[in-house]
Amino acid sequence: MNTYFLIVTVVLVVAVVVLFLMVLALAREIGRVQVRLGPLGARMMDTGPKIEQVAPTFRGLTDHLGRTVGVGGHRDKPQLLLFTAPTCSTCKSLLPGLRAMAKAEKDLEVVVISDGTPAEHEQFLAGSGIGSELSYVDGRDVGIAYQVGTTPYGVILDEHGKIRSKGLCNHMAQVESLLNALESGTPSLQHLHESAKVRASANA
């Protein structure tokens, strides 16, 4: 009888160990899938100018190369505004991706907007290699007008200066989602989900 209980105990222990290892392996695979997928869209904050509203317009800003830059208003092509802060490490991590986007998207104007001291801006841009492909401006008043409470925060404007999408952008995929919103006409995943719910209710 003792031998029988010993065998059963060993089998149960082995089964528990195997299940534990399977759970660990499953958790690891789920983590890998999440990393590969990345964020699906920028999380929109319910502050500041609304979607489809004409965005605040600024003229006479000066970028890092001394060029005159305007924000908002009617223009030849859409404009991506990315609000950053010199002390924001996530903001800095987006700079290489923004450079590549600005070079690839010829029909898009990219403006990085920040605030701080000249020394902070110099440190923030150090090693980024940012040239003439985009504009980096010191625009505290712009951030206030758009009611940006946290960074990095992106806003996409169409040629008429209307806001087509906006949201937190901790990842380049979220920045790119703003461009997708411009092309699809759907500002965010939240809007897409709400539209689906409305259609489902109408068909019920």
Side-chain angles (χ1 to χ4, degrees), residues 27-49 51 55-56 58 61-67 69-72 78-105 108-157 163-182 187-190:
R28 185 177 179 183
E29 288 303 314
I30 290 174
R32 286 180 176 176
V33 170
Q34 287 179 333
V35 170
R36 287 173 183 169
L37 287 176
L40 295 177
R43 185 163 63 90
M44 192 176 297
M45 309 294 285
D46 193 22
T47 59
I51 299 296
F58 290 82
L61 301 171
T62 303
D63 75 358
H64 63 299
L65 297 178
R67 298 174 297 186
V69 177
V71 169
Q79 194 173 45
L80 170 66
L81 311 178
L82 190 76
F83 294 89
T84 65
T87 56
C88 171
S89 59
T90 303
C91 302
K92 188 160 186 170
S93 71
L94 295 176
L95 293 181
L98 287 172
R99 282 185 60 207
M101 174 181 285
K103 288 181 178 178
E105 301 287 343
L108 178 72
E109 181 181 354
V110 179
V111 181
V112 180
I113 302 168
S114 186
D115 66 355
T117 65
E120 288 175 328
H121 293 312
E122 183 177 352
Q123 184 176 5
F124 181 73
L125 293 177
S128 68
I130 286 181
S132 60
E133 65 275 8
L134 58 80
S135 292
Y136 178 90
V137 301
D138 183 350
R140 178 179 174 80
D141 291 342
V142 182
I144 292 174
Y146 281 77
Q147 298 183 34
V148 175
T150 186
T151 57
Y153 195 83
V155 179
I156 189 83
L157 309 178
I163 297 175
R164 301 295 299 274
S165 184
K166 61 179 184 175
L168 285 172
C169 296
N170 292 322
H171 192 284
M172 275 308 295
Q174 292 171 324
V175 179
E176 291 165 1
S177 75
L178 299 178
L179 303 189
N180 294 336
L182 182 66
S188 69
L189 288 177
Q190 296 99 307

With L82, which of I113, V110, L94 fulfils side chain to side chain contact (heavy atoms under 4.5 Å, CB included)? L94

How close do I51 and S165 get, heavy atom to heavy atom, and via which atoms? CD1-CA, 3.6 Å

Kindly give the heavy-atom pair with the smallest separation between I163 and A55, and that separation in Å. CG1-CB, 3.7 Å

What verdict does the side-chain contact (heavy atoms from CB on, under 4.5 Å) test give for L179 and M101, after you've listed the backbone C-alpha separation in whole Å, the side-chain angles of each residue and the deciding distance to 0.1 Å? CA-CA 10 Å; L179 303 189; M101 174 181 285; 3.8 Å; yes

Would you indicate whether the side-chain heavy atoms of L108 and I156 approach each other to under 4.5 Å? yes

Quick one, C91 and F124 - any side-chain contact, counting heavy atoms below 4.5 Å? yes

So V142 and L61, side-chain contact (heavy atoms from CB on, under 4.5 Å) or not? Walk me through it. CA-CA 10 Å; V142 182; L61 301 171; 4.0 Å; yes

Rounding to 0.5 Å, atoms CG (L125) and NE2 (H64) come to a distance of 7.0 Å

What is the minimum heavy-atom distance between Q79 and G72, and which atoms define it? OE1-N, 3.0 Å

For the residue pair L168 and Y153, establish whether any side-chain heavy-atom pair is separated by less than 4.5 Å. yes

Here the pair of heavy atoms bringing G116 nearest to D138 is O-OD2, 3.3 Å

CD (E120) and CG (D115) are apart, to the nearest 0.5 Å, by 8.0 Å

Near E122 CD, under 6.0 Å, is it more than 12 heavy atoms from other residues, nucleotides or ligands? no

Compare every heavy atom of R67 with every heavy atom of S135, then report the nearest pair and how far apart it is. OG-NH2, 3.6 Å

When rounded to the nearest 0.5 angstrom, what distance separates CG in L98 from CD in E105? 12.0 Å

Aromatic ring pairing F83/Y146, orientation class (parallel under 30°, perpendicular over 60°, tilted between): tilted

The reported gap from NZ in K166 to CG in L178 (rounded to nearest 0.5 angstrom) is 11.5 Å

Nearest-0.5 Å distance that lies between atom CD1 in I130 and atom CG in L95: 4.5 Å

Least distance between heavy atoms, S132 atom then L65 atom: CA-CD1, 3.6 Å

